[in-house]
Amino acid sequence: MSYVIIGNSVAAVGAVEGIRKIDKVNPIVIISDEPYHTYSRPLISYYLAGKVTQDNMYYRGKDFYNTNNVEPILGVKAQHIDFDKKEVVLEDGRKISYTKLLIATGSKPLTPPIEGVEKQNVFNFIKLDDAKAIEKVATRGSKAVVIGASFSGLKAVEALVQRGVNVTVIDIMDRIMPRVFDETASSMALKMLEKYEAKVLLKTSVEKILGHQAAIGVLLKDGREVPCDFIVLAAGVRCNTDLVKGTKLKINRGIIVDTMMRTNIPDVYAAGDVAEGYNFIEERNAEIPIIPNAYKQGETAGQNMAGAQKIFDKGFIMNSMPLLDLSIVSAGVSAPGEGITVKTIYNQEKNTYKKFYIRGNNLVGYLLINDIDRAGIYTDLIRRKIDISSFEHQLGRDDFGFIYLPKALRNQLILEG
(Lines give C-alpha, C1' and ligand atoms only; values in the text may rest on other atoms or scores of the structure.)
Protein backbone atom coordinates (compact mmCIF):
# COMPACT_ATOMS: atom_id res chain seq x y z
CA MET A 1 0.00 0.00 0.00
CA SER A 2 1.31 3.42 -0.94
CA TYR A 3 -0.41 6.78 -0.79
CA VAL A 4 0.35 9.69 -3.09
CA ILE A 5 -0.99 13.21 -2.59
CA ILE A 6 -0.62 15.88 -5.25
CA GLY A 7 -0.71 19.20 -3.43
CA ASN A 8 0.78 20.41 -0.17
CA SER A 9 -1.77 22.72 1.39
CA VAL A 10 -4.59 22.29 3.90
CA ALA A 11 -6.40 19.42 2.18
CA ALA A 12 -3.12 17.51 1.93
CA VAL A 13 -2.45 17.99 5.63
CA GLY A 14 -5.98 16.79 6.44
CA ALA A 15 -5.39 13.73 4.27
CA VAL A 16 -2.09 12.84 5.94
CA GLU A 17 -3.66 13.11 9.36
CA GLY A 18 -6.72 11.17 8.19
CA ILE A 19 -4.56 8.35 6.85
CA ARG A 20 -2.48 8.21 10.02
CA LYS A 21 -5.60 7.82 12.17
CA ILE A 22 -5.98 4.39 10.56
CA ASP A 23 -2.73 3.41 8.88
CA LYS A 24 0.38 4.19 10.91
CA VAL A 25 2.84 2.37 8.67
CA ASN A 26 2.48 2.58 4.91
CA PRO A 27 4.38 5.39 3.18
CA ILE A 28 2.87 8.67 1.98
CA VAL A 29 4.35 10.80 -0.80
CA ILE A 30 3.41 14.49 -1.17
CA ILE A 31 4.15 16.16 -4.51
CA SER A 32 4.10 19.95 -4.87
CA ASP A 33 5.39 22.40 -7.45
CA GLU A 34 6.09 24.85 -4.61
CA PRO A 35 9.39 24.36 -2.75
CA TYR A 36 7.99 25.25 0.66
CA HIS A 37 6.92 23.40 3.77
CA THR A 38 3.11 23.31 4.01
CA TYR A 39 1.89 26.83 4.76
CA SER A 40 -1.38 28.71 5.20
CA ARG A 41 -2.20 30.62 2.01
CA PRO A 42 -4.42 33.23 3.71
CA LEU A 43 -1.33 34.41 5.57
CA ILE A 44 0.39 35.68 2.43
CA SER A 45 -1.26 39.08 2.92
CA TYR A 46 0.15 39.23 6.46
CA TYR A 47 3.57 38.21 5.13
CA LEU A 48 3.41 41.03 2.59
CA ALA A 49 2.33 43.46 5.30
CA GLY A 50 5.33 42.40 7.42
CA LYS A 51 3.18 41.00 10.22
CA VAL A 52 4.40 37.39 9.98
CA THR A 53 7.59 35.69 8.87
CA GLN A 54 7.71 32.68 6.58
CA ASP A 55 8.25 30.39 9.56
CA ASN A 56 5.07 31.77 11.16
CA MET A 57 3.10 30.72 8.07
CA TYR A 58 3.70 26.99 8.40
CA TYR A 59 0.43 25.10 8.71
CA ARG A 60 2.12 22.36 10.70
CA GLY A 61 5.45 22.14 12.54
CA LYS A 62 8.72 21.52 10.72
CA ASP A 63 8.68 17.87 11.88
CA PHE A 64 5.30 17.21 10.23
CA TYR A 65 6.63 15.14 7.32
CA ASN A 66 9.09 13.15 9.40
CA THR A 67 6.61 12.45 12.20
CA ASN A 68 4.00 11.15 9.75
CA ASN A 69 6.42 9.13 7.57
CA VAL A 70 5.83 11.42 4.60
CA GLU A 71 8.24 11.79 1.71
CA PRO A 72 7.85 15.34 0.41
CA ILE A 73 8.80 15.92 -3.23
CA LEU A 74 8.78 19.72 -3.29
CA GLY A 75 9.50 22.15 -6.09
CA VAL A 76 8.70 19.55 -8.73
CA LYS A 77 5.53 19.68 -10.79
CA ALA A 78 3.32 16.67 -11.46
CA GLN A 79 3.02 16.60 -15.25
CA HIS A 80 0.71 13.68 -15.95
CA ILE A 81 -1.29 10.95 -14.23
CA ASP A 82 -1.51 7.50 -15.80
CA PHE A 83 -4.65 6.17 -14.14
CA ASP A 84 -4.29 2.73 -15.77
CA LYS A 85 -0.73 2.19 -14.57
CA LYS A 86 -1.41 4.06 -11.32
CA GLU A 87 1.55 6.36 -11.81
CA VAL A 88 2.16 10.08 -11.40
CA VAL A 89 4.72 11.34 -13.90
CA LEU A 90 6.81 14.30 -12.72
CA GLU A 91 8.28 17.03 -14.90
CA ASP A 92 11.78 15.69 -14.20
CA GLY A 93 10.80 12.29 -15.63
CA ARG A 94 10.34 10.40 -12.39
CA LYS A 95 7.34 8.10 -12.08
CA ILE A 96 5.70 7.74 -8.68
CA SER A 97 3.50 4.67 -8.23
CA TYR A 98 0.44 4.76 -6.01
CA THR A 99 -2.15 2.43 -4.54
CA LYS A 100 -4.39 5.33 -3.51
CA LEU A 101 -4.16 8.83 -4.98
CA LEU A 102 -5.46 12.17 -3.71
CA ILE A 103 -5.62 15.17 -6.04
CA ALA A 104 -5.46 18.35 -3.93
CA THR A 105 -4.10 20.85 -6.43
CA GLY A 106 -6.19 23.75 -5.07
CA SER A 107 -7.10 26.75 -7.16
CA LYS A 108 -5.34 28.94 -9.69
CA PRO A 109 -5.73 32.65 -10.44
CA LEU A 110 -8.13 33.77 -13.12
CA THR A 111 -6.19 35.89 -15.60
CA PRO A 112 -8.43 38.58 -17.08
CA PRO A 113 -8.27 39.14 -20.86
CA ILE A 114 -6.36 42.42 -20.69
CA GLU A 115 -3.89 43.57 -23.32
CA GLY A 116 -0.40 43.61 -21.84
CA VAL A 117 -1.17 41.34 -18.89
CA GLU A 118 2.10 39.47 -19.55
CA LYS A 119 4.26 42.56 -18.84
CA GLN A 120 6.76 42.76 -16.01
CA ASN A 121 5.54 43.98 -12.61
CA VAL A 122 2.14 42.37 -13.08
CA PHE A 123 1.53 39.88 -10.27
CA ASN A 124 -1.02 37.37 -9.06
CA PHE A 125 -1.76 37.12 -5.35
CA ILE A 126 -2.38 33.50 -4.46
CA LYS A 127 0.97 31.97 -3.46
CA LEU A 128 3.90 32.81 -1.22
CA ASP A 129 6.11 33.44 -4.26
CA ASP A 130 3.60 36.05 -5.43
CA ALA A 131 3.91 37.89 -2.12
CA LYS A 132 7.71 37.67 -2.25
CA ALA A 133 7.77 39.15 -5.75
CA ILE A 134 5.40 41.99 -4.80
CA GLU A 135 7.45 42.68 -1.67
CA LYS A 136 10.42 43.70 -3.84
CA VAL A 137 8.52 46.50 -5.59
CA ALA A 138 6.02 47.55 -2.91
CA THR A 139 8.14 50.28 -1.39
CA ARG A 140 6.76 53.16 0.65
CA GLY A 141 5.34 55.82 -1.65
CA SER A 142 5.11 53.54 -4.67
CA LYS A 143 1.86 53.27 -6.64
CA ALA A 144 -0.11 50.07 -7.14
CA VAL A 145 -3.21 49.15 -9.11
CA VAL A 146 -5.23 46.21 -7.80
CA ILE A 147 -7.54 44.78 -10.45
CA GLY A 148 -10.51 43.22 -8.69
CA ALA A 149 -12.19 44.11 -5.39
CA SER A 150 -12.43 40.41 -4.51
CA PHE A 151 -11.56 38.80 -1.19
CA SER A 152 -7.93 38.36 -2.24
CA GLY A 153 -7.90 41.80 -3.84
CA LEU A 154 -8.98 43.51 -0.64
CA LYS A 155 -6.43 41.54 1.39
CA ALA A 156 -3.76 42.70 -1.07
CA VAL A 157 -4.95 46.29 -0.59
CA GLU A 158 -4.76 45.86 3.19
CA ALA A 159 -1.17 44.64 3.02
CA LEU A 160 -0.09 47.31 0.55
CA VAL A 161 -1.51 50.30 2.43
CA GLN A 162 0.19 48.99 5.56
CA ARG A 163 3.47 49.10 3.61
CA GLY A 164 2.81 52.73 2.71
CA VAL A 165 1.88 52.02 -0.91
CA ASN A 166 -0.60 54.28 -2.71
CA VAL A 167 -3.31 51.92 -3.97
CA THR A 168 -6.03 52.21 -6.58
CA VAL A 169 -8.60 49.38 -6.73
CA ILE A 170 -10.52 48.83 -9.96
CA ASP A 171 -13.59 46.63 -10.34
CA ILE A 172 -16.23 46.27 -13.02
CA MET A 173 -19.04 45.75 -10.49
CA ASP A 174 -21.05 48.54 -8.90
CA ARG A 175 -20.01 47.64 -5.36
CA ILE A 176 -17.29 45.84 -3.44
CA MET A 177 -17.62 42.03 -3.17
CA PRO A 178 -21.22 41.90 -4.46
CA ARG A 179 -21.53 38.15 -3.94
CA VAL A 180 -21.18 38.63 -0.18
CA PHE A 181 -21.82 42.32 0.50
CA ASP A 182 -25.09 44.16 -0.01
CA GLU A 183 -25.13 47.93 -0.52
CA THR A 184 -24.81 48.70 3.20
CA ALA A 185 -21.88 46.34 3.80
CA SER A 186 -20.15 47.50 0.62
CA SER A 187 -20.52 51.10 1.71
CA MET A 188 -18.92 50.30 5.06
CA ALA A 189 -15.97 48.65 3.29
CA LEU A 190 -15.67 51.56 0.87
CA LYS A 191 -15.53 54.13 3.68
CA MET A 192 -12.89 52.07 5.46
CA LEU A 193 -10.71 51.84 2.34
CA GLU A 194 -11.04 55.58 1.74
CA LYS A 195 -10.02 56.21 5.34
CA TYR A 196 -6.71 54.53 4.47
CA GLU A 197 -6.48 56.64 1.30
CA ALA A 198 -7.05 53.75 -1.08
CA LYS A 199 -8.86 54.91 -4.22
CA VAL A 200 -11.72 52.72 -5.39
CA LEU A 201 -12.92 52.90 -9.00
CA LEU A 202 -16.09 50.88 -9.60
CA LYS A 203 -18.20 50.21 -12.70
CA THR A 204 -15.16 50.30 -14.95
CA SER A 205 -12.54 47.88 -16.22
CA VAL A 206 -8.96 47.80 -17.43
CA GLU A 207 -8.65 47.70 -21.21
CA LYS A 208 -4.86 47.77 -21.47
CA ILE A 209 -1.74 47.68 -19.33
CA LEU A 210 0.54 50.52 -20.34
CA GLY A 211 4.32 50.37 -20.70
CA HIS A 212 6.86 48.80 -23.02
CA GLN A 213 8.29 45.84 -21.12
CA ALA A 214 7.16 46.71 -17.58
CA ALA A 215 3.79 48.05 -16.45
CA ILE A 216 3.67 51.82 -15.86
CA GLY A 217 -0.09 52.24 -15.69
CA VAL A 218 -3.48 51.08 -16.94
CA LEU A 219 -5.94 52.39 -19.50
CA LEU A 220 -9.56 52.14 -18.34
CA LYS A 221 -12.57 51.41 -20.50
CA ASP A 222 -13.83 54.96 -19.95
CA GLY A 223 -10.57 56.38 -21.33
CA ARG A 224 -8.89 57.37 -18.07
CA GLU A 225 -5.29 56.42 -17.40
CA VAL A 226 -4.06 55.43 -13.96
CA PRO A 227 -0.26 55.49 -13.51
CA CYS A 228 1.37 52.87 -11.30
CA ASP A 229 4.62 51.08 -10.51
CA PHE A 230 3.08 47.60 -10.37
CA ILE A 231 -0.22 45.76 -10.73
CA VAL A 232 -1.87 43.01 -8.67
CA LEU A 233 -4.38 40.78 -10.45
CA ALA A 234 -7.22 39.72 -8.16
CA ALA A 235 -10.05 38.96 -10.58
CA GLY A 236 -10.83 35.66 -8.86
CA VAL A 237 -9.74 32.04 -8.87
CA ARG A 238 -10.86 28.80 -10.44
CA CYS A 239 -10.30 25.13 -9.66
CA ASN A 240 -6.83 24.02 -10.73
CA THR A 241 -7.79 21.04 -12.88
CA ASP A 242 -5.02 21.51 -15.45
CA LEU A 243 -3.34 18.23 -14.51
CA VAL A 244 -6.42 16.11 -15.30
CA LYS A 245 -8.06 17.94 -18.19
CA GLY A 246 -8.69 15.65 -21.13
CA THR A 247 -8.56 12.50 -18.99
CA LYS A 248 -11.39 10.16 -18.01
CA LEU A 249 -11.73 11.90 -14.66
CA LYS A 250 -15.12 13.64 -14.42
CA ILE A 251 -14.80 17.41 -14.15
CA ASN A 252 -17.29 20.24 -14.08
CA ARG A 253 -15.78 23.46 -12.76
CA GLY A 254 -13.87 21.26 -10.35
CA ILE A 255 -13.30 17.51 -9.93
CA ILE A 256 -16.59 15.86 -9.07
CA VAL A 257 -16.52 13.83 -5.85
CA ASP A 258 -19.05 12.03 -3.69
CA THR A 259 -19.44 12.48 0.06
CA MET A 260 -16.52 10.09 0.62
CA MET A 261 -14.32 12.28 -1.64
CA ARG A 262 -14.13 9.55 -4.28
CA THR A 263 -13.91 10.47 -7.95
CA ASN A 264 -15.30 8.35 -10.77
CA ILE A 265 -11.96 6.53 -11.04
CA PRO A 266 -11.32 3.76 -8.48
CA ASP A 267 -8.69 4.59 -5.83
CA VAL A 268 -8.57 8.26 -6.89
CA TYR A 269 -9.85 10.95 -4.54
CA ALA A 270 -10.00 14.74 -4.64
CA ALA A 271 -10.31 17.35 -1.90
CA GLY A 272 -10.02 21.05 -1.25
CA ASP A 273 -10.41 23.91 -3.68
CA VAL A 274 -9.99 21.66 -6.74
CA ALA A 275 -12.99 19.53 -5.79
CA GLU A 276 -16.73 19.97 -6.16
CA GLY A 277 -18.01 18.50 -2.92
CA TYR A 278 -21.48 18.42 -1.42
CA ASN A 279 -22.83 21.77 -0.20
CA PHE A 280 -25.57 20.76 2.19
CA ILE A 281 -27.26 24.18 2.23
CA GLU A 282 -27.62 24.25 -1.56
CA GLU A 283 -28.11 20.47 -1.64
CA ARG A 284 -25.81 20.04 -4.61
CA ASN A 285 -22.15 19.63 -5.44
CA ALA A 286 -20.28 22.94 -5.59
CA GLU A 287 -16.88 24.51 -5.04
CA ILE A 288 -16.37 25.37 -1.37
CA PRO A 289 -13.01 27.16 -1.33
CA ILE A 290 -12.42 27.64 2.40
CA ILE A 291 -9.83 26.22 4.78
CA PRO A 292 -12.12 24.33 7.23
CA ASN A 293 -13.88 22.62 4.34
CA ALA A 294 -10.58 21.76 2.61
CA TYR A 295 -9.22 20.21 5.79
CA LYS A 296 -12.37 18.15 6.47
CA GLN A 297 -12.53 16.97 2.85
CA GLY A 298 -8.85 16.01 2.99
CA GLU A 299 -9.24 14.23 6.32
CA THR A 300 -12.27 12.32 5.03
CA ALA A 301 -10.41 11.35 1.86
CA GLY A 302 -7.38 10.22 3.87
CA GLN A 303 -9.40 8.02 6.18
CA ASN A 304 -11.22 6.42 3.27
CA MET A 305 -7.99 5.90 1.34
CA ALA A 306 -6.81 3.93 4.37
CA GLY A 307 -9.91 1.73 4.41
CA ALA A 308 -12.53 3.63 6.41
CA GLN A 309 -16.08 4.50 5.31
CA LYS A 310 -16.28 8.14 6.38
CA ILE A 311 -18.70 10.70 4.97
CA PHE A 312 -18.40 14.49 4.89
CA ASP A 313 -21.68 16.09 3.88
CA LYS A 314 -21.68 19.28 5.97
CA GLY A 315 -19.70 21.55 3.69
CA PHE A 316 -20.82 25.13 3.13
CA ILE A 317 -19.22 28.49 2.42
CA MET A 318 -17.85 30.42 5.40
CA ASN A 319 -15.31 33.23 5.46
CA SER A 320 -13.62 35.12 8.27
CA MET A 321 -12.02 38.28 6.96
CA PRO A 322 -10.35 40.92 9.11
CA LEU A 323 -9.92 43.92 6.83
CA LEU A 324 -8.11 46.91 8.36
CA ASP A 325 -10.71 48.37 10.76
CA LEU A 326 -13.43 45.87 9.87
CA SER A 327 -13.97 42.38 11.26
CA ILE A 328 -16.10 40.37 8.84
CA VAL A 329 -17.56 36.88 9.06
CA SER A 330 -20.03 35.40 6.59
CA ALA A 331 -21.46 31.94 6.11
CA GLY A 332 -23.92 30.09 3.95
CA VAL A 333 -26.43 31.90 1.75
CA SER A 334 -25.32 35.44 0.95
CA ALA A 335 -28.15 36.81 -1.20
CA PRO A 336 -31.97 36.90 -1.10
CA GLY A 337 -33.69 34.14 -3.03
CA GLU A 338 -36.91 32.21 -3.36
CA GLY A 339 -38.31 31.22 0.03
CA ILE A 340 -35.69 33.22 1.93
CA THR A 341 -36.51 35.99 4.38
CA VAL A 342 -33.90 38.50 5.48
CA LYS A 343 -33.32 40.22 8.81
CA THR A 344 -30.87 43.12 9.09
CA ILE A 345 -29.58 45.15 12.01
CA TYR A 346 -27.42 48.19 11.21
CA ASN A 347 -25.97 50.31 14.00
CA GLN A 348 -24.30 53.32 12.39
CA GLU A 349 -23.10 54.70 15.72
CA LYS A 350 -21.23 51.50 16.57
CA ASN A 351 -20.42 50.81 12.89
CA THR A 352 -21.82 47.28 13.15
CA TYR A 353 -23.96 45.34 10.72
CA LYS A 354 -25.73 41.99 11.02
CA LYS A 355 -27.71 40.25 8.32
CA PHE A 356 -29.47 36.89 8.58
CA TYR A 357 -30.94 34.72 5.82
CA ILE A 358 -33.76 32.41 6.92
CA ARG A 359 -35.47 29.68 4.92
CA GLY A 360 -38.48 28.08 6.55
CA ASN A 361 -37.49 27.48 10.15
CA ASN A 362 -33.75 27.36 9.51
CA LEU A 363 -30.95 29.89 9.49
CA VAL A 364 -29.14 29.33 6.19
CA GLY A 365 -26.72 32.26 6.08
CA TYR A 366 -25.40 35.36 7.81
CA LEU A 367 -23.10 38.34 7.44
CA LEU A 368 -21.54 40.00 10.48
CA ILE A 369 -19.42 43.14 10.44
CA ASN A 370 -17.69 44.44 13.59
CA ASP A 371 -19.89 42.28 15.84
CA ILE A 372 -18.62 38.76 15.24
CA ASP A 373 -18.44 37.26 18.75
CA ARG A 374 -21.45 35.00 18.18
CA ALA A 375 -20.46 33.76 14.75
CA GLY A 376 -19.78 30.29 16.15
CA ILE A 377 -23.30 30.00 17.52
CA TYR A 378 -24.86 31.08 14.23
CA THR A 379 -22.65 28.67 12.32
CA ASP A 380 -23.74 25.84 14.61
CA LEU A 381 -27.39 26.70 13.98
CA ILE A 382 -26.75 26.39 10.24
CA ARG A 383 -24.67 23.21 10.43
CA ARG A 384 -27.14 21.38 12.69
CA LYS A 385 -30.21 22.66 10.78
CA ILE A 386 -31.76 23.70 14.07
CA ASP A 387 -35.38 24.89 14.08
CA ILE A 388 -35.07 28.57 15.06
CA SER A 389 -38.78 29.45 14.92
CA SER A 390 -39.11 29.79 18.70
CA PHE A 391 -36.20 32.24 19.02
CA GLU A 392 -35.90 33.75 15.53
CA HIS A 393 -36.86 37.20 16.84
CA GLN A 394 -33.86 37.07 19.18
CA LEU A 395 -31.30 36.65 16.40
CA GLY A 396 -28.88 39.53 16.29
CA ARG A 397 -29.45 40.75 19.83
CA ASP A 398 -26.26 41.98 21.46
CA ASP A 399 -26.71 39.38 24.19
CA PHE A 400 -27.87 36.55 21.96
CA GLY A 401 -26.47 33.24 23.10
CA PHE A 402 -27.03 29.77 24.47
CA ILE A 403 -29.57 31.03 26.99
CA TYR A 404 -32.07 31.99 24.27
CA LEU A 405 -32.28 28.46 22.91
CA PRO A 406 -35.16 26.27 24.17
CA LYS A 407 -34.24 24.18 27.19
CA ALA A 408 -34.73 20.89 25.35
CA LEU A 409 -32.40 22.08 22.60
CA ARG A 410 -29.79 23.24 25.11
CA ASN A 411 -29.83 19.81 26.75
CA GLN A 412 -29.50 18.13 23.35
CA LEU A 413 -26.50 20.27 22.41
CA ILE A 414 -24.86 19.53 25.77
CA LEU A 415 -25.26 15.79 25.17
CA GLU A 416 -23.93 16.05 21.63
CA GLY A 417 -20.96 18.12 22.82
Side-chain angles (χ1 to χ4, degrees), residues 42 110 146-158 169-196 198-205 234-237 279 281-282 286-290 293 316-379 381-383 388 392-398 400:
L110 176 64
V146 175
I147 300 177
S150 63
F151 178 89
S152 62
L154 295 183
K155 293 303 290 183
V157 172
E158 177 183 53
V169 190
I170 300 167
D171 199 283
I172 196 171
M173 305 303 290
D174 62 355
R175 66 176 187 267
I176 294 170
M177 288 181 63
R179 291 186 181 179
V180 179
F181 288 174
D182 59 11
E183 288 80 0
T184 301
S186 181
S187 177
M188 294 173 70
L190 182 60
K191 289 177 182 177
M192 182 273 302
L193 291 170
E194 290 173 343
K195 174 184 173 182
Y196 284 86
K199 296 178 182 178
V200 181
L201 305 180
L202 300 173
K203 295 190 288 187
T204 190
S205 59
V237 297
N279 183 321
I281 294 177
E282 299 181 14
E287 305 153 84
I288 311 175
I290 58 169
N293 182 79
F316 63 96
I317 296 291
M318 187 174 77
N319 280 304
S320 177
M321 179 182 173
L323 180 64
L324 295 169
D325 293 341
L326 298 182
S327 299
I328 305 164
V329 179
S330 64
V333 171
S334 59
E338 185 178 351
I340 292 177
T341 58
V342 179
K343 177 180 181 179
T344 61
I345 303 170
Y346 180 32
N347 188 321
Q348 288 183 275
E349 184 179 346
K350 293 183 179 180
N351 198 35
T352 62
Y353 187 58
K354 290 174 272 192
K355 189 167 189 175
F356 302 94
Y357 298 90
I358 300 161
R359 183 168 58 211
N361 294 326
N362 298 119
L363 181 67
V364 292
Y366 67 80
L367 169 65
L368 308 175
I369 300 180
N370 284 351
D371 189 353
I372 65 172
D373 291 346
R374 290 159 181 81
I377 298 175
Y378 298 130
T379 301
L381 295 178
I382 294 174
R383 182 176 289 115
I388 66 168
E392 179 181 329
H393 61 290
Q394 307 286 359
L395 288 178
R397 286 179 58 116
D398 289 344
F400 180 79

Taking C-beta and beyond as the side chain, do [X] and [Y] meet within less than 4.5 Å on heavy atoms?
| X | Y | result |
| --- | --- | --- |
| F356 | I388 | no |
| I369 | T184 | no |
| F316 | R383 | yes |
| D371 | D398 | yes |
| L110 | V237 | no |
| M321 | L154 | yes |
| N370 | K350 | no |
| T204 | I170 | yes |

_Counting only heavy atoms from other residues, nucleotides and ligands, does the tally under 6.0 Å from CG of L201 exceed 12?_
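Atom CG in L201 is packed in, count exceeds 12.
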*Using the side-chain contact (heavy atoms from CB on, under 4.5 Å) rule, take D325 and Y196 through it: C-alpha gap first, then chi angles, then the decisive distance, then the call.*
CA-CA 10 Å; D325 293 341; Y196 284 86; 2.7 Å; yes
Quick check: does any side chain N or O of [X] sit under 3.5 Å from a backbone N or O of [Y], one acting as donor and the other as acceptor?
| X | Y | result |
| --- | --- | --- |
| Y366 | K354 | no |
| S320 | V329 | no |
| D171 | A149 | yes |
| S150 | A234 | yes |
| S334 | R179 | yes |

Quick check: closest heavy atoms across [X] and [Y], and the distance to 0.1 Å?
| X | Y | result |
| --- | --- | --- |
| P336 | Y357 | N-CE2, 3.8 Å |
| S330 | V180 | OG-CG1, 3.7 Å |
| I281 | G332 | CD1-CA, 3.7 Å |
| A331 | I382 | CB-CD1, 4.4 Å |
| L326 | A189 | CD1-CA, 3.7 Å |
| I340 | A335 | CD1-O, 4.3 Å |

Straight-line distance of [X] [atom1] to [Y] [atom2], nearest 0.5 Å:
| X | Y | atom1 | atom2 | value |
| --- | --- | --- | --- | --- |
| N351 | M188 | CG | CE | 4.0 Å |
| M192 | E158 | CE | CD | 7.5 Å |
| L324 | L193 | CG | CG | 6.5 Å |
| I328 | F151 | CD1 | CZ | 9.0 Å |
| N362 | E392 | CG | CD | 10.0 Å |
| T379 | L363 | OG1 | CG | 8.5 Å |

*Under 30°, 30 to 60°, or over 60°: which ring-plane class applies to F400 and Y378, parallel, tilted or perpendicular?*
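The rings of F400 and Y378 lie parallel, inter-plane angle below 30°.
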*Does the pair I317 and I288 meet the rule for a side-chain contact (heavy atoms from CB on, under 4.5 Å), with working shown?*
CA-CA 6 Å; I317 296 291; I288 311 175; 3.8 Å; yes
*Lys/Arg N to Asp/Glu carboxylate O, K191 vs E194, below 4.0 Å*: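 Result for this pair is no, no salt bridge flagged.
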*What pairs meet the side-chain hydrogen bond (donor to acceptor under 3.5 Å, both in side chains) rule with one or both residues in residues 336-348, with sequence neighbours excluded?*
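Residue pairs with at least one partner in residues 336-348: there are none.
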